[in-house]
Amino acid sequence: MKGVILAAGKGERLRPLTDDRPKVILKVANKPIIEYVLENLDPFVDEFVVIVRYKKEKLIEVLGDEFNGKPITYVDQLPGEGTAKAIESAKEHVGEEEFIVVNGDIYFDVEAIKELISVFRRENADAALVVKEFDDLSHFGMVETEGSLVKAVREKPGKVRGYANLGIYAFKPIVFDFIEKTNLSERGEYEITDTLNLMIEGGKKVACAVYDGYWNDIGRPWNLLELNEYILKNKLKHDVRGTVEEGAVLIPPVEVGEGTVIRSGAYIIGPVKIGRNSRIGPNCFIRPYTSIGDNCHVGNAVEVKNSIIMDNSNAPHLNYVGDSIIGENSNLGAGTITANLRHDRGNIKVEIKGKLEDSGRHKLGAIIGHGVKTGINVSIYPGRKIGSGSLIGPGVVVDKNVPAGTLVIL
Ligand code: TTP
């Protein structure tokens with residue numbers, strides 16, 4: 001059986017982190033999101049088919065042509081938007097076999113796939129999907145069920161309790177006949193949920209597997225922080241491969257990669273994950289739920305908490321990085337500080353595709369893209385985004401989002 005992974009999306013809600021790369025290669029706990037999906041599919045499939053389009057070269061460079069000894073085939077998405085279009089793109093590659101489809105930007109446990117296959121086979125269904133019960137379905141499509149069968153998939157029904165569609169499916173090839181009949185949705189996309197409704201109306205059997213484990217859909221920047229926290233809290237093992245100088249304190253679990261040096265006076269409270277060849281300290285404070293990538297520098301008098309610092313980035317002197325994400329190849333000038341809390345303790349709102357959205361968090365710092373440089377004493381308001389390749393001059397107060405490639409000076 002083949003595993004099809006949808007990874008062609010533009011990830012616009014995740015700007016600036018997706019300015020120059022597809023979202024599925026963003027690293028959480030120092031691993032590209034799509035690798036967690038591949039790991040979960042691995043026990044059940046003999047080949048991975050990855051549907052690509054936006055910045056596909058970067059994805060291919062990161063994943064290569066095999067995973068765990070199994071081939072990865074990259075397939076360009078057919079013209080048109082949406083998950084149904086993405087799945088249709090795999091038609092020739094899956095042939096007459098049944099196959100699994102997973103959105104490349106979600107995190108879940110392997111149980112979800114086990115349950116999916118078991119229900120799909122038991123019901124001898126034409127399609128199956130994984131659902132999870134939520135108290136509030138405002139952000140999800142609702143799956144109406146009867147026992148193990150699906151009656152309909154509805155648009156976001158508002159604040160009601162019910163089953164959400166998690167973006168994990170199994171199909172028989174008959175699905176392609178129904179994808180052909182699927183019309184553009186109001187959003188201007190060909191959506192697989194519409195295809196599923198057509199299948200049900202056409203008398204086909206669509207089954208559902210109920211999953212109650214952890215699941216996260218990486219749509220918005222703060223989802224990366226939530227997922228980082230979950231993985232570090234639940235999966236991290238204390239494992240120190242680098243060098244730890246006398247006078248550094250590591251409270252487990254802390255993972256330190258090969259070639260990394262933790263200098264004297266560093267105080268690290270796990271769970272914290274640090275990649276390879278990074279320099280940490282002397283005299284810094286790294287607090288729980290922090291991931292620091294490869295070739296990073298966190299230097300003297302720097303505090304980092306609940307944050308993601310991606311590869312080749314530095315917070316070298318006198319920085320506070322709280323509840324923030326820093327992309328690759330970025331550098332904070334001495335004294336650059338992120339604010340992560342409003343004085344009124346209200347939820348931090350973030351502009352997503354031109355609209356202010358409530359992040360649901362009262363602590364959220366900066367979202368800094370790739371290749372950003374800040375000067376000395378830059379202050380960044382909570383929930384502000386700095387676009388990739390921007391340069392922020394000394395003493396600037398970043399109280400508005402900064403588009404990619406901008407020079408901001410006082
Ligand atoms: P979305 O998260 O709905 O879309 P997106 O990834 O483009 O993100 P944004 O809305 O922020 O721009 O996509 C769900 C999954 O489907 C995701 O894994 C990407 C994939 N996808 C495709 O492969 N092709 C497509 O045309 C679309 C719309 C999504």
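Ligands are counted one by one from 1 in listed order, and the atoms in each one are counted from 1 as well.
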Tell me which one of [options] gets a heavy atom nearest to [atom].
atom: atom 26 (O) of ligand 1; options: G167, G82, S89; answer: G82
atom: atom 15 (C) of ligand 1; options: V24, N103, V50, L78; answer: N103
atom: atom 19 (C) of ligand 1; options: G104, G9, A84; answer: G9

Proximal atoms of ligand 1 relative to [X] (non-hydrogen, under 4.0 Å):
X: E81; value: 26 (O)
X: A86; value: 22 (C), 23 (O), 24 (N)
X: R13; value: 1 (P), 2 (O), 8 (O), 9 (P), 10 (O), 11 (O)
X: A7; value: 23 (O)
X: T83; value: 16 (O)
X: Q77; value: 22 (C), 23 (O), 24 (N), 25 (C), 26 (O)

Any nitrogen or oxygen of R187, main chain or side chain, under 3.5 Å from a nitrogen or oxygen of ligand 1? no
Between F108 and Y214 (judged by ring centroids, cut-off 6.0 Å), do the two rings come close enough to count as a pair? no
Flag the pair Y169 / F171 as yes when their ring centroid distance falls below 6.0 Å, and as no otherwise. yes
What's the shortest distance from [atom] to any protein heavy atom, and which residue and atom give it?
atom: atom 7 (O) of ligand 1; result: K10 N, 2.9 Å
atom: atom 12 (O) of ligand 1; result: E12 N, 2.8 Å
atom: atom 5 (P) of ligand 1; result: G11 N, 3.7 Å
atom: atom 23 (O) of ligand 1; result: A8 N, 3.0 Å
atom: atom 13 (O) of ligand 1; result: D105 OD2, 4.3 Å
atom: atom 20 (C) of ligand 1; result: L6 CB, 3.8 Å

Ligand 1 contacted by [X] (non-hydrogen, < 4.0 Å):
X: I51; value: no
X: K23; value: yes
X: K85; value: no

Test R21 against E328 for side-chain contact (heavy atoms from CB on, under 4.5 Å), laying out the working first. CA-CA 11 Å; R21 63 197 70 197; E328 288 181 10; 3.1 Å; yes
Does R220 CZ have over 12 foreign heavy atoms under 6.0 Å away? yes
Straight-line distance of K400 NZ to I386 CD1, nearest 0.5 Å: 13.0 Å
Would you please test L236 and K273 for side-chain contact (heavy atoms from CB on, under 4.5 Å) and show each step? CA-CA 8 Å; L236 192 75; K273 181 159 179 162; 3.9 Å; yes
Tell me whether the NZ or CZ atom of K2 lies within the 45° cone about the ring axis of F99 and under 6.0 Å from its centre. no
Distance to the ring centre below 6.0 angstrom and angle to the axis at most 45 degrees; does that hold for K233 and Y230? no
Is a donor on one side and an acceptor on the other found under 3.5 Å between the side chain of Y54 and the backbone of A7? no
For the backbone of G242 and the side chain of T260, can you confirm whether one donor and one acceptor N or O come within less than 3.5 Å of each other? no
Decide yes or no on side-chain contact (heavy atoms from CB on, under 4.5 Å) for T406 and L391, but give the supporting numbers first. CA-CA 6 Å; T406 310; L391 300 176; over 6 Å; no
Looking at K55 and E61, is there a salt bridge between them, counting it only when a charged N and a carboxylate O are closer than 4.0 Å? no
